[in-house]
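Next up is a structure, given as structure tokens.
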Amino acid sequence: WEYIADYDKAINYYSLGLRQSRQQYGEEHEKTAIFYNGIGIVYYYLSEYEKALVQHKQALRIQKSILPKNHPIIASSYNSIGLVLIDQADYDNALEYFNMSLIIFKSVYGENHPDIATCYNNIGAVYSEEGDFNKSLEFHNQALILRKNIFGEINPDVAQSYTNIGSIYFEKGEFDNALEYHNKALNIYKSVFGENHPAIANCYNNIGAVYSRQKNYDKALEYYNKSLIINKSVFGENHPNLSIIYSNICTVYYFQCDFTKAIEYNEKALLLTKSILGDNHPDVAVAYFNNGSISRELGNYNKALENFSTALDIWKTNFGENHPNVASVYFNIGIAYDYQAEFNKALEYYYKALNIRKAVFGEKHPEVAAIYYKIGGIYYKQNDFVKALEYFNQALTIQKSVFGEDHPDVAKSYNTIGAIYTKKGDYSKALEYRTKALDIQKTLFGPEDQRTIKTQQKISEIQSKLKEQESQPKE
């Protein structure tokens with residue numbers, strides 16, 4: 001059912017099995033718990049997380065009543081609950097459940113078992129969501145080492161670890177490393193499954209995402225289309241995986257400013273997702289969100305706000321107020337008002353997004369830095385350079401703590417701070433920050449890249465102004 005995405009039929013079969021199990025064995029029986037867990041898994045795929053939690057916790061209650069407290073089945077239920085909590089952005093509780101699972105598995109199996117690797121993998125996923133990428137890598141590497149020790153190199157679980165590590169490098173902006181690990185996963189999956197398998201389609205999708213972030217859009221489209229072909233051949237035309245790829249292709253055309261194509265693919269994603277999952281599924285909100293972004297870039301702000309509001313309503317209904325997706329909508333509504341120079345409205349929504357992201361992620365997260373940067377931008381436009389510097393420096397501090405020095409976002413912040421010092425007439429400070437940006441861009445992009453060249457031009461302008469200052473007679 002997971003592959004064909006017939007969730008209603010899956011619920012019906014699990015519910016039938018549950019009724020029969022309760023009649024034959026009673027409520028407090030291991031088989032009854034299995035059906036509760038099965039229903040929970042389906043609700044998880046439907047993103048109906050509260051319903052999923054109810055089912056998984058009912059299974060857990062039964063298991064605890066009939067099994068020893070350190071039984072592996074109980075540990076598996078802890079894992080299932082933790083996965084739901086991740087998608088609810090309840091990271092502290094997710095971590096607690098994964099650690100309870102890990103303790104049981106270690107007590108039963110020792111240190112060298114696939115289920116322990118799964119726990120490391122899940123704990124790594126929590127740290128990734130929280131923006132602690134180094135901690136996440138630590139746990140994903142533990143999972144990888146364990147899986148290689150157990151299975152050898154050519155195994156789907158090993159490939160999954162490579163995929164996870166590649167995704168962390170992607171989030172860190174280390175795109176060459178991301179490609180290396182995604183290609184390792186791809187090669188293993190091909191050797192195990194052949195060319196036409198959903199896991200290979202997923203690898204192509206991941207590689208496409210890396211190329212998209214590198215602005216290599218032709219390559220991105222090439223890999224997204226490879227993924228699309230496999231998904232269509234395996235699942236047919238009516239599967240949620242296709243809507244994900246349509247959405248990704250939409251994003252590429254969006255960044256290329258080919259909004260006609262972006263709208264075309266987003267509409268495909270929207271229609272397909274609604275037909276499979278209904279009007280109020282979180283994935284439907286993604287399409288409305290994308291429509292909002294496209295409309296905003298086209299200058300149709302009323303339509304943008306309408307689409308963002310629809311996405312907001314769906315996500316708030318499914319997740320509540322304090323969820324990263326809700327924060328993303330507030331952030332993008334803020335950008336729409338920012339574009340219209342309605343700065344007070346923009347700040348209102350930026351601060352709404354900021355409060356949620358800080359509550360969910362804590363202070364040191366890239367998405368928190370992104371809002372500080374935008375708020376700094378508004379104060380810059382209002383010529384409030386003191387406030388602007390305060391927020392840009394907050395963004396920079398987070399970016400350096402998360403990504404290290406050599407990252408495009410760090411270079412961007414240095415450049416922006418340099419621009420403020422230029423406006424203030426503090427050319428020595430401006431030169432200092434522009435030079436820091438240039439050093440990073442040379443390292444990341446090379447001297448011939450347009451970003452590097454532009455920064456070099458700004459430095460030349462600042463140096464000219466410094467010479468003018470020095471040549472003026474002192475009073």
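Bear in mind that the values here come from a model prediction, so they are computed numbers and not experimental data.
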Next on the checklist: Using side chain to side chain donor-acceptor pair (under 3.5 Å), reason through Tyr414 and Lys400 one step at a time and then give a plain yes or no.
Outcome noted: CA-CA 11 Å; Tyr414 279 141; Lys400 288 168 74 174; 3.1 Å; yes

Checklist entry - So Tyr339 and Tyr301, would you call those rings parallel, tilted or perpendicular, with 30° and 60° as cut-offs? => result perpendicular

Checklist entry - How are the rings of Trp315 and Phe289 set to each other: parallel, tilted or perpendicular (split at 30° and 60°)? => result tilted

Checklist entry - Judged by modelled atom types alone, do Lys172 and Asn134 share a side-chain donor-acceptor pair under 3.5 Å? => result yes

Checklist entry - Only one of Tyr217, Tyr204, Tyr223 forms a ring pair (Phe, Tyr, Trp, His ring centres under 6.0 Å) with Tyr211, so which one is it? => result Tyr223

Checklist entry - Aromatic rings Tyr391 and Tyr372: how do their planes relate, parallel, tilted or perpendicular, breaks at 30° and 60°? => result tilted

Checklist outcome for this item: Here the gap from Gln214 atom CD to Lys219 atom NZ, rounded to the nearest 0.5 Å, amounts to 11.0 Å

Next on the checklist: Check this for me: does any side-chain nitrogen of one of Glu306 and Lys303 sit under 4.0 Å from a carboxylate oxygen of the other?
Outcome noted: no

Checklist entry - Between Ser243 and His239, is there a donor-acceptor pair closer than 3.5 Å when you use the side chain of the first and the backbone of the second? => result no

Checklist entry - What class does the angle between the rings of Tyr45 and Tyr7 fall in, given that below 30° is parallel, 30 to 60° is tilted and above 60° is perpendicular? => result parallel

Checklist entry - Quick one: ring pair (Phe, Tyr, Trp, His ring centres under 6.0 Å) partners of Tyr373, sequence neighbours excluded? => result Phe392

Checklist entry - When rounded to the nearest 0.5 angstrom, what distance separates OG1 in Thr452 from CD in Gln457? => result 11.0 Å

Checklist entry - Are the aromatic rings of Tyr169 and Phe175 close, with centres under 6.0 Å apart? => result no

Checklist entry - Taking His56 for the side chain and Ile39 for the main chain, is one N or O donor matched with an acceptor at less than 3.5 Å? => result no

Checklist entry - Any donor-acceptor pair under 3.5 Å linking the side chain of Arg357 with the backbone of Val368? => result no

Next on the checklist: What I want to check is whether the side chains of Ser128 and Glu171 have a donor and an acceptor closer together than 3.5 Å.
Outcome noted: no

Checklist entry - Nearest heavy-atom pair of Asn393 and Ile417: which atoms, and what distance? => result OD1-CD1, 3.5 Å

Item to check | 4.5 Å side-chain heavy-atom contact, Ile356 and Glu321 | outcome: yes

Item to check | Close side-chain approach of Tyr49 and Phe319, heavy atoms under 4.5 Å | outcome: yes

Next on the checklist: Under 3.5 Å, is there a donor on one side chain and an acceptor on the other for Ser247 and Asn290?
Outcome noted: yes

Next on the checklist: If the threshold is 4.0 Å, N to carboxylate O, is there a salt bridge linking Asp132 and Lys364?
Outcome noted: no

Item to check | Pair Ile440-His407, side-chain contact (heavy atoms from CB on, under 4.5 Å): steps then yes or no | outcome: CA-CA 7 Å; Ile440 295 169; His407 189 273; 5.9 Å; no

Checklist entry - For the side chain of Asn318 and the backbone of Asn280, is there at least one donor-acceptor N/O pair under 3.5 Å apart? => result yes

Checklist entry - Given the side-chain rings of Phe139 and Tyr127, with only the six-membered ring counted for Trp, is the space between their centroids under 6.0 Å? => result yes

Next on the checklist: Ignoring hydrogens and geometry beyond distance, is a side-chain donor-acceptor pair present between Thr118 and Tyr120 at under 3.5 Å?
Outcome noted: no

Checklist entry - Between Glu50 and Gln88, do the side chains contain an N or O donor and an N or O acceptor separated by less than 3.5 Å? => result yes

Checklist entry - Are Ser212 and Asn248 close enough, and set up right, to give a side chain to side chain donor-acceptor pair (under 3.5 Å), and what steps lead you there? => result CA-CA 9 Å; Ser212 181; Asn248 290 340; over 6 Å; no

Checklist entry - When you look at NZ of Lys352, are more than 12 heavy atoms from neighbouring residues, nucleotides or ligands closer to it than 6.0 Å? => result yes

Checklist entry - side chain to side chain donor-acceptor pair (under 3.5 Å) between Tyr189 and Asn202: does it pass, once the steps are laid out? => result CA-CA 10 Å; Tyr189 284 133; Asn202 187 54; over 6 Å; no

Checklist entry - Quick one: side chain to side chain donor-acceptor pair (under 3.5 Å) partners of Asn196, sequence neighbours excluded? => result Ser233

Checklist entry - Hey, is the main chain of Leu95 close enough, under 3.5 Å, to the side chain of Asn99 for a donor-acceptor pair? => result yes

Item to check | Distance (rounded to the nearest 0.5 Å) between Ser80 OG and Leu53 CG | outcome: 10.5 Å

Next on the checklist: Is it true that, when you exclude Lys454 itself, more than 12 heavy atoms of the residues, nucleotides or ligands shown sit nearer than 6.0 Å to its NZ?
Outcome noted: no

Checklist outcome for this item: Partner of Arg296 under side-chain hydrogen bond (donor to acceptor under 3.5 Å, both in side chains), picked from Asn332, Asn307, Asn291, is Asn332

Checklist entry - Would you call Lys51 and Glu48 a salt bridge, taking side-chain N to carboxylate O under 4.0 Å as the test? => result yes

Checklist entry - What is the distance from atom CG of Leu347 to atom CD of Glu342, rounded to the nearest 0.5 Å? => result 12.0 Å

Item to check | Side-chain donor/acceptor of Asn266 to backbone N/O of Ala262, under 3.5 Å | outcome: no

Checklist entry - To the nearest 0.5 Å, what is the distance between CZ (Phe170) and CG (Asn206)? => result 8.5 Å

Next on the checklist: I'd like to know if the side chain of Ser413 reaches the main chain of Val410, judged simply by a donor and an acceptor atom lying under 3.5 Å from each other, with no hydrogens or angles considered.
Outcome noted: no

Next on the checklist: On the six-membered ring of Tyr181, is Lys184 placed so that its NZ or CZ lies under 6.0 angstrom from the centre and within 45° of the ring axis?
Outcome noted: yes

Item to check | Evaluation steps, side chain to side chain donor-acceptor pair (under 3.5 Å), between Asn155 and Arg147 | outcome: CA-CA 8 Å; Asn155 180 272; Arg147 285 170 170 171; over 6 Å; no

Next on the checklist: Suppose we screen for side chain to side chain contact (heavy atoms under 4.5 Å, CB included). Which residues come up paired with Asn93, at least two apart in sequence or across chains?
Outcome noted: Leu85, Asp90, Glu96

Next on the checklist: Please check this pair: side chain of Thr273 against backbone of Leu270, looking for a donor-acceptor N/O pair closer than 3.5 Å.
Outcome noted: no

Next on the checklist: In terms of relative ring orientation, are Tyr265 and Tyr246 parallel, tilted or perpendicular, with 30° and 60° separating the classes?
Outcome noted: tilted

Checklist entry - Take atom CZ in Phe255; do more than 12 heavy atoms of anything else shown fall under 6.0 Å from it? => result no

Next on the checklist: For the CD atom of Glu237 and the CG atom of Asn231, what is their distance to the nearest 0.5 Å?
Outcome noted: 11.0 Å

Next on the checklist: For Asp406 and Thr443, which I'm curious about, is there any donor-acceptor pair between the side chains at under 3.5 Å?
Outcome noted: no

Next on the checklist: Surrounding NZ of Lys436 (heavy atoms of other residues, nucleotides or ligands, distance under 6.0 Å), is the total greater than 12?
Outcome noted: yes

Checklist entry - Closest heavy-atom contact between Ala346 and Gly334? => result CB-O, 3.3 Å

Checklist outcome for this item: For Ile150 and Pro114 the tightest heavy-atom approach is CD1-N, 3.5 Å

